[in-house]
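One structure is given below, encoded as structure tokens.
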Amino acid sequence: GVTAISIAGCFLLGTILARGLKVPTRMGLLLTTGTAICGGSAIAAAAPVLGAEDDEISVSLAVVFVLNALALIMFPLIGRQFGLSQDAFGWWAALAIHDTSSVVGAGVAYGERAAEVATTVKLARALWIVPVCLALGCWVRQSGQKTGAVKAKKPWFILGFLIAAALVTYVPALQAPGAYVAWGAKRLLTVTLFMIGTGLTVRSL
């Protein structure tokens, strides 16, 4: 419930800020999605749904990763300054920091209990990537918005993700191969983010 409220609040505030600051619609949605859910992973998932261009993806990732780096250092310092409990810090870190890795890092820096709470809440927040991407796909289709030269793609990969997750979870024989696939997928995601980053130019920044 808390993650649902925080994500709804992020999208409301993100929409208001994007319009007020005249940020392009797709970039505003990418930044809002990354902020609301799980940073770079959410941006990478939402980009094909929105039909985002390379520079929009690159700038959005750059913004999120810079904020992640700052949060990883600043959050434990601020938490101790205000005397936050382990549970309070864990909730705050999970709801306010973008990427899961940075949430876990900040939690570990604050304490064992903070890390447990932060990781659990963050994973619950990350699950929202599925319904949010589906909702973005519906919004793009209903608004009839064209993105670049082609129409935004339908998020079929979300269905594939759910099927793969269900198979690995409920078919014991697939759990071991699934671990190898997950290992390879993480590295492919790293390569993908690196390749997107190479498209980041001084002009786009």
Side-chain angles (χ1 to χ4, degrees), residues 1-21 23 26-47 49-50 52 56-136 139 158 161 165 182 186 189-190 193 196-197 205:
V2 172
T3 57
I5 292 169
S6 70
I7 289 170
C10 277
F11 271 92
L12 176 61
L13 185 59
T15 301
I16 293 171
L17 286 174
R19 289 179 179 176
L21 298 172
V23 177
R26 285 182 307 211
M27 188 179 294
L29 283 170
L30 288 175
L31 286 167
T32 300
T33 303
T35 300
I37 305 175
C38 55
S41 300
I43 290 172
V49 178
L50 296 171
E56 293 171 328
I57 301 169
S58 298
V59 172
S60 299
L61 287 172
V63 170
V64 163
F65 289 152
V66 167
L67 292 176
N68 271 328
L70 291 174
L72 186 58
I73 298 169
M74 298 301 298
F75 268 53
L77 296 176
I78 295 171
R80 291 191 179 96
Q81 181 68 31
F82 285 93
L84 294 182
S85 68
Q86 292 282 312
D87 280 22
F89 181 86
W91 277 96
W92 180 45
L95 294 173
I97 300 177
H98 298 78
D99 279 319
T100 304
S101 57
S102 295
V103 171
V104 174
V108 169
Y110 203 76
E112 184 178 349
R113 173 63 181 171
E116 291 177 357
V117 173
T119 303
T120 303
V121 177
K122 179 60 180 176
L123 291 176
R125 181 179 159 201
L127 291 174
W128 284 91
I129 196 170
V130 174
V132 166
C133 281
L134 292 174
L136 286 174
W139 174 80
I158 292 292
F161 169 79
K186 289 177 182 178
L189 178 59
T190 302
L193 293 176
I196 292 173
L205 282 174

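Although no hydrogens or angles enter the test, the distance criterion places no donor-acceptor pair under 3.5 Å between the side chain of Lys122 and the main chain of Gly90. Side chain of Tyr110 to main chain of Ala93: no donor-acceptor pair is present (N/O by atom type, distance under 3.5 Å, no hydrogens or angles).
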Please evaluate residues Val121 and Val2 with respect to the criterion side chain to side chain contact (heavy atoms under 4.5 Å, CB included), reporting the C-alpha separation (whole Å), side-chain torsions for both, the decisive distance (0.1 Å), and the verdict.
CA-CA 9 Å; Val121 177; Val2 172; 5.9 Å; no
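Atom CG of residue Leu31 and atom SG of residue Cys10 lie 12.0 Å apart, to the nearest 0.5 angstrom. For the atom pair CG of Asp99 and CD1 of Ile43, the computed distance is 8.0 Å after rounding to the nearest 0.5 Å. One distance of note links CD1 of Ile73 with CG of Leu77; it measures 8.5 Å at 0.5 Å rounding. To the nearest 0.5 angstrom, Thr15 atom OG1 is 6.5 Å from Leu29 atom CG. To the nearest 0.5 Å, the span separating OG1 on Thr33 from CG on Leu136 amounts to 5.0 Å. Separation of atoms OG1 (Thr32) and CD1 (Ile7) is listed at 12.0 Å; rounding is to 0.5 Å.
Contact record, Ile129 with Cys38: CD1-SG, 4.1 Å, taken as the closest heavy-atom pair. In terms of heavy atoms, Ser102 sits closest to Leu72 at O-CD1, 3.6 Å. Scanning both residues, Gly28 and Ala18, for their nearest heavy atoms gives CA-CB, 4.2 Å. In terms of heavy-atom proximity, Arg26 sits nearest to Glu56 at NE-OE1, 3.1 Å. Shown here for Gly40 and Leu61, the closest heavy-atom pair between the two residues is CA-CD2, 3.5 Å. Scanning both residues, Ala94 and Val103, for their nearest heavy atoms gives CA-CG1, 3.9 Å.
You'll find the side chain of Pro76 reaches within 4.5 Å of the side chain of Phe89, heavy atoms only. For the pair Thr3 and Leu95, the minimum side-chain heavy-atom distance is below 4.5 Å. The shortest distance between side-chain heavy atoms of Leu30 and Leu50 falls below 4.5 Å. At least one side-chain heavy atom of Val132 sits under 4.5 Å from a side-chain heavy atom of Phe11.
The environment of Arg19 atom CZ is sparse: at most 12 non-hydrogen atoms of other residues, nucleotides or ligands sit within 6.0 angstrom.
Residue Phe65 is tested with Val63, Asn68, Leu67 for a side-chain contact (heavy atoms from CB on, under 4.5 Å); the sole match is Asn68.
Under the 30°/60° scheme for interplanar angles, the aromatic rings of Trp92 and Phe75 are found to lie parallel.
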